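Have a look at the structure below before the remarks.
The structure displayed is predicted, hence computed values, not measured ones.
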Amino acid sequence: MRAIWTGAITFGLVNVPVKVYSATEDHDVALHQVHDADGGRIRYQRRCEIDGKVIPYEHIAKAYDDGERTVILTPDDLASLPAERSREIDVVEFVPNEQIDPMMLDRSYYLEPDSTSLKAYALLRKTLEDEDRTAIVNFALRQKTRLGALRVRGNVLVLQTMLWHDEIREADFPALDSSPRITERELKLSAALMESFAGDFEPEKFTDEYQEELRKLIDAKLEQGESIDTAETFGEEPEKAKGGGEVIDLMEALQRSVERSRSGTDPDAGSAKKSSGGSAKKAPTKKTKKPA
């Protein structure tokens with residue numbers, strides 16, 4: 001990995017020099033746009049609307065327009081801002097881990113200790129771990145002042161950028177104002193159904209099915225050309241009915257889902273369609289844990 005930024009974690013008089021690395025990567029199959037008639041590559045050009053010339057990237061600046069005047073901001077102008085020049089990850093406060101709303105978390109970065117800061121790095125990591133706390137930090141990265149959460153993951157410190165509080169939308173839906181009556185039996189059946197799907201989260205069990213199928217399609221077209229038979233490549237699947245099937249009572253849907261789960265049959269997740277009878281008469285087998 002290549003460091004994208006270097007700086008130092010600071011709190012009080014303590015200074016912990018670190019290198020910052022991106023902790024995630026995109027695994028999507030890279031696609032580009034072409035003309036469907038001849039396969040010609042579609043390319044975008046940065047063309048000036050005044051002289052019509054294509055402008056190289058090094059001569060492109062940013063600007064602000066208030067409707068009447070335009071102010072051009074060069075890369076040197078932006079780099080001169082005090083926040084942009086700062087190389088400090090400044091700890092504002094240490095908060096309990098459970099107070100961090102996951103919705104506020106954005107990108108993740110690994111922090112590598114500088115060779116001269118191993119002890120200070122290890123001390124900060126150990127203290128955060130023992131106290132079950134997360135450091136809320138301020139820092140500047142890529143021409144933006146950012147809020148971040150500094151926490152422990154295994155033996156490494158992880159910095160996660162956070163959204164500002166006014167960037168989180170309110171869930172303002174009229175339907176949420178009503179309070180449907182939920183019976184004790186419905187609650188028990190729902191809990192039983194949830195328990196039948198219970199398990200420990202193991203990320204490696206899950207794969208990006210769309211990207212796998214896309215890669216399979218690309219390989220098939222490379223081998224067979226346009227004569228590819230997608231039904232043969234992916235196998236025939238019955239077409240799913242649009243708009244859902246016959247709707248049944250919520251209690252009946254819960255009851256049947258629990259019975260099917262206990263009988264060892266895969267539940268028809270997300271559906272409330274009637275199934276053939278007799279599932280309730282089957283001898284229940286041991287619950288099979290399934291990923292949510």
Side-chain angles (χ1 to χ4, degrees), residues 1-30 56-58 60-62 73-168 201-204 206-208 211:
M1 291 191 291
R2 184 172 62 89
I4 63 170
W5 192 79
T6 58
I9 304 168
T10 62
F11 58 103
L13 298 177
V14 179
N15 185 284
V16 186
V18 292
K19 296 178 182 179
V20 180
Y21 300 82
S22 179
T24 59
E25 59 185 359
D26 189 355
H27 67 197
D28 289 357
V29 176
Y57 186 78
E58 60 268 21
I60 292 178
K62 295 183 178 180
L73 301 170
T74 68
D76 289 339
D77 290 335
L78 297 173
S80 69
L81 296 175
E84 176 66 16
R85 294 199 308 269
S86 174
R87 289 286 168 172
E88 292 185 349
I89 302 173
D90 187 29
V91 175
V92 179
E93 57 186 0
F94 294 97
V95 303
N97 292 337
E98 64 271 13
Q99 290 186 1
I100 304 297
D101 183 353
M103 183 174 278
M104 295 188 69
L105 298 177
D106 195 12
R107 300 295 299 272
S108 299
Y109 301 91
Y110 289 134
L111 301 186
E112 178 193 19
D114 186 273
S115 58
T116 61
S117 65
L118 291 176
K119 186 171 183 178
Y121 182 97
L123 178 61
L124 175 58
R125 181 187 62 202
K126 179 65 173 171
T127 306
L128 286 173
E129 193 171 31
D130 290 350
E131 298 297 325
D132 288 327
R133 289 187 176 268
T134 296
I136 302 300
V137 301
N138 276 325
F139 64 104
L141 179 65
R142 292 171 176 167
Q143 298 181 352
K144 286 187 68 175
T145 300
R146 301 174 188 266
L147 185 68
L150 183 64
R151 63 181 184 86
V152 179
R153 186 177 190 268
N155 66 341
V156 66
L157 289 176
V158 173
L159 175 63
Q160 292 181 277
T161 57
M162 301 176 70
L163 300 174
W164 300 99
H165 73 94
D166 57 357
E167 293 179 315
I168 304 294
F201 180 55
E202 300 174 26
E204 63 275 7
F206 302 92
T207 57
D208 190 336
Q211 291 299 320

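- At a cut-off of 3.5 Å, with distance as the only test, a side-chain donor of Thr116 or Asp114 sits close to an acceptor on the other residue.
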For residues 147-157, run the donor-acceptor check on the side chains, cut-off 3.5 Å, and write out each pair with its distance to 0.1 Å, sequence neighbours left out.
residue, atom, partner, partner atom, Å
Arg151, NE, Gln160, OE1, 2.6
Arg151, NH2, Gln160, OE1, 3.4

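- Taking 4.5 Å as the limit, some side-chain heavy atom of Phe11 sits within range of a side-chain heavy atom of Phe94.
- Across all non-hydrogen atoms, the minimal contact from Gln211 to Val29 is OE1-N, 2.7 Å.
- Among all heavy-atom pairs drawn from Leu73 and Ala61, the shortest one is O-CB, 3.7 Å.
- Taking OG1 of Thr134 as the start and CD of Gln99 as the end, the distance is 9.5 Å to the nearest 0.5 Å.
- The two residues Leu111 and Tyr121 make their nearest non-hydrogen contact at O-OH, 2.6 Å.
- Separation of atoms CZ (Arg125) and CG (Leu123) is listed at 10.0 Å; rounding is to 0.5 Å.
- For Phe201, the ring pair (Phe, Tyr, Trp, His ring centres under 6.0 Å) partners are Phe206, not counting sequence neighbours.
- Heavy-atom minimum distance, Arg146 versus Leu141: NE-O, 2.9 Å.
- The side-chain heavy atoms of Asp90 and Phe139, taken from C-beta on, include no pair separated by under 4.5 Å.
- Under the 4.5 Å side-chain criterion, counting only non-hydrogen atoms from C-beta, Leu105 is in contact with Met162.
- Around NE2 of His27, the count of heavy atoms belonging to other residues, nucleotides or ligands within 6.0 Å exceeds 12.
- Rounding to the nearest 0.5 Å gives a distance of 7.5 Å between CD of Glu98 and CG of Asp132.
- In this structure, the separation between CG on Leu159 and OG1 on Thr161 is 7.5 Å, given to the nearest 0.5 Å.
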List the atom pairs, with distances to 0.1 Å, where a side-chain N or O of residues 13-25 and a protein N or O form a donor-acceptor pair under 3.5 Å, not counting sequence neighbours.
residue, atom, partner, partner atom, Å
Tyr21, OH, Glu112, OE1, 2.5
Ser22, OG, Thr24, O, 3.1

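- Using a 4.5 Å heavy-atom cutoff, the side chains of Ile100 and Met104 are not in contact.
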Check against side-chain contact (heavy atoms from CB on, under 4.5 Å), Val158 and Tyr109: CA-CA 6 Å; Val158 173; Tyr109 301 91; over 6 Å; no
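- Scanning all heavy atoms of the two residues, the minimum distance from Trp164 to Thr145 falls at CZ2-O, 3.3 Å.
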